[in-house]
Amino acid sequence: MAGKVVLHYFNGRGKMESIRWLLTVAEVEFDEVHLTTRDQYKKLLSDGDLMFQQVPMVEIDGMKLIQTKAILNYIAEKYNLHGKDIKDRVMINMYSEGLVDLMEMIMILPFTPDPKPKLDNIQAKATERYLPVFEKVLSGQIYLVGGKLSVADVLLLECTLMLEEIFVGILGGFPNVKAFQGRMTMIPAIDSFLKPGSKRKPKPDDQYVKSVMEVFDLKSLPF
């Protein structure tokens, strides 16, 4: 039997958080190895564990996977969270990639000396470009694609929670999305993940930024 899934990343959200979410919804237990030193990262490189010299890296089924979208797709396929056929999957992928684009804008905020212009841009794009898409598709249906839970639904929940942490009341004009969020949080695995003491990471803080910069040997902020 394959060993427990192991996540190699910082002790923070970043690109690994979506993977934590998806594993949680799939009810897969996982361990974490937190990168805190440059030497840890260099060892992963010297051992050949990071194909493109990047994290996140996930050990699963005897493999060491990198590239966030590839990891999410593998987990989604393995645990039946990727639609029933190729047409479902392409819709799931389109929704997922749009959500990842939006969340990546949020992820760089802790590394931004003056976040105000970026915050304004994120709020505008969220309310004018992204949320209207999901508000429309969730009119009269429970899940985004094929009437069943998929990775796209998990990412939408994660994204809306991230948005609400920054922009209180941002879902006020999107009742279908807000109702969807409420339904998703009633799923037992998600309910547990949202409670204190779970493996969900808090909002990034100065220590998280410091760790990232030290591990990657960054002399200045990357954005």
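The figures here come from the full heavy-atom set of this structure, side chains too, leaving out hydrogens, waters and symmetry mates. Position 1 is the first residue of the sequence, and the numbers go up from there.
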Let me see the working for Glu17 and Met103 under side-chain contact (heavy atoms from CB on, under 4.5 Å), right down to the final yes or no.
-> CA-CA 11 Å; Glu17 191 71 354; Met103 287 192 284; over 6 Å; no
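- Exactly one of Glu59, Gln40, Lys64 qualifies for a side chain to side chain donor-acceptor pair (under 3.5 Å) with His8. That residue is Glu59.
- Under a hydrophobic-cluster definition in which Ile, Leu, Val, Met, Phe, Trp and Tyr are linked whenever side-chain heavy atoms come within less than 4.5 Å, directly or via other members, Leu65 and Val6 are assigned to different clusters.
- Phe30 and Val33 fall into different hydrophobic clusters, defined by Ile, Leu, Val, Met, Phe, Trp and Tyr side-chain heavy atoms under 4.5 Å apart, directly or through other members.
- Note: the hydrophobic cluster containing Met94 also contains Leu156 (ILVMFWY, side chain heavy atoms under 4.5 Å, direct or indirect links).
- By the criterion of side-chain heavy atoms lying less than 4.5 angstrom apart, applied directly or through intervening Ile, Leu, Val, Met, Phe, Trp or Tyr residues, Leu218 is grouped together with Met107 in one hydrophobic cluster.
- Put simply, the side chain of Gln67 does not reach to within 4.5 Å of the side chain of Met51, judged on heavy atoms.
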Going through the distances and angles, do Thr160 and Met184 end up as a side-chain contact (heavy atoms from CB on, under 4.5 Å)?
-> CA-CA 11 Å; Thr160 58; Met184 289 288 289; over 6 Å; no
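- Heavy atoms of other residues, nucleotides or ligands lying less than 6.0 angstrom from CD1 of Ile142 number 12 at most.
- Applying the ring-ring contact (aromatic ring centres under 6.0 Å, His included) rule to Phe180 yields no partners; only residues at least two apart in sequence or on another chain are considered.
- Looking only at side-chain heavy atoms (C-beta outward), Ser18 and Leu155 come within less than 4.5 Å of each other.
- For the atom pair CG of Leu72 and CD of Glu97, the computed distance is 10.0 Å after rounding to the nearest 0.5 Å.
- For the pair Val100 and Glu104, the minimum side-chain heavy-atom distance is below 4.5 Å.
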Can Asn11 and Thr36 be said to form a side-chain contact (heavy atoms from CB on, under 4.5 Å), step by step?
-> CA-CA 8 Å; Asn11 187 18; Thr36 58; 5.9 Å; no
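- For Pro113 against Pro115, the heavy-atom pair with the smallest separation is O-CD, 3.5 Å.
- Within the 3.5 Å criterion, the main-chain N or O of Gln207 finds a donor-acceptor partner in the side chain of Asp205.
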May I have the step-by-step check of side-chain contact (heavy atoms from CB on, under 4.5 Å) for Leu81 and Ile75, ending in yes or no?
-> CA-CA 8 Å; Leu81 293 166; Ile75 296 167; 5.6 Å; no
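- Looking at Ile190 and Thr24, their side chains never come closer than 4.5 Å, going by heavy atoms from C-beta outward.
- Thr127 pairs with exactly one of Ile170, Ile122, Leu163 by the side chain to side chain contact (heavy atoms under 4.5 Å, CB included) rule, that one being Ile170.
- Heavy-atom neighbours of Lys87 NZ from other residues, nucleotides or ligands within 6.0 Å: at or below the threshold of 12.
- Side chain of Asp153 to main chain of Ser150: a donor-acceptor pair is present (N/O by atom type, distance under 3.5 Å, no hydrogens or angles).
- By the 4.0 Å N-to-carboxylate-O rule, Lys116 lies close enough to Asp120 to be salt-bridged with it.
- At least one donor-acceptor pair under 3.5 Å links the side chain of Tyr41 to the backbone N or O of Gln53.
- Residues Tyr95 and Val137 form a side-chain contact, since some pair of their non-hydrogen atoms from C-beta on lies under 4.5 Å apart.
- Across all non-hydrogen atoms, the minimal contact from Met162 to Ile106 is CE-CG2, 3.6 Å.
- With rounding to the nearest 0.5 angstrom, the CZ atom of Arg20 is 9.5 Å from the CD atom of Glu158.
- For the side chain to side chain contact (heavy atoms under 4.5 Å, CB included) test with Val151, the passing option among Leu22, Asn93, Leu144 is Leu22; the others fail.
- Within a 6.0 Å sphere centred on CE of Met63, other residues, nucleotides and ligands contribute more than 12 heavy atoms.
- Between Phe174 and Phe134, the closest side-chain pair of non-hydrogen atoms is not below 4.5 Å.
- The side-chain heavy atoms of Thr68 and Pro56, taken from C-beta on, include a pair separated by under 4.5 Å.
- Note on Asp206 versus Lys210: no salt bridge recorded, every NZ/NE/NH1/NH2 to OD/OE distance being 4.0 Å or above.
- For the pair Asp61 and Lys78, the salt-bridge criterion is met [side-chain N within less than 4.0 Å of a carboxylate O].
- The shortest distance between side-chain heavy atoms of Leu23 and Leu7 falls below 4.5 Å.
- For the salt bridge (Lys or Arg N to Asp or Glu O under 4.0 Å) with Glu32, the qualifying choice from Lys4, Arg200, Lys201 is Lys201, the only one to do so.
- The two residues Thr185 and Asp191 have their closest heavy-atom pair at O-CB, 3.6 Å.
- For Phe10 and Phe216, the gap between ring centers is short of 6.0 Å.
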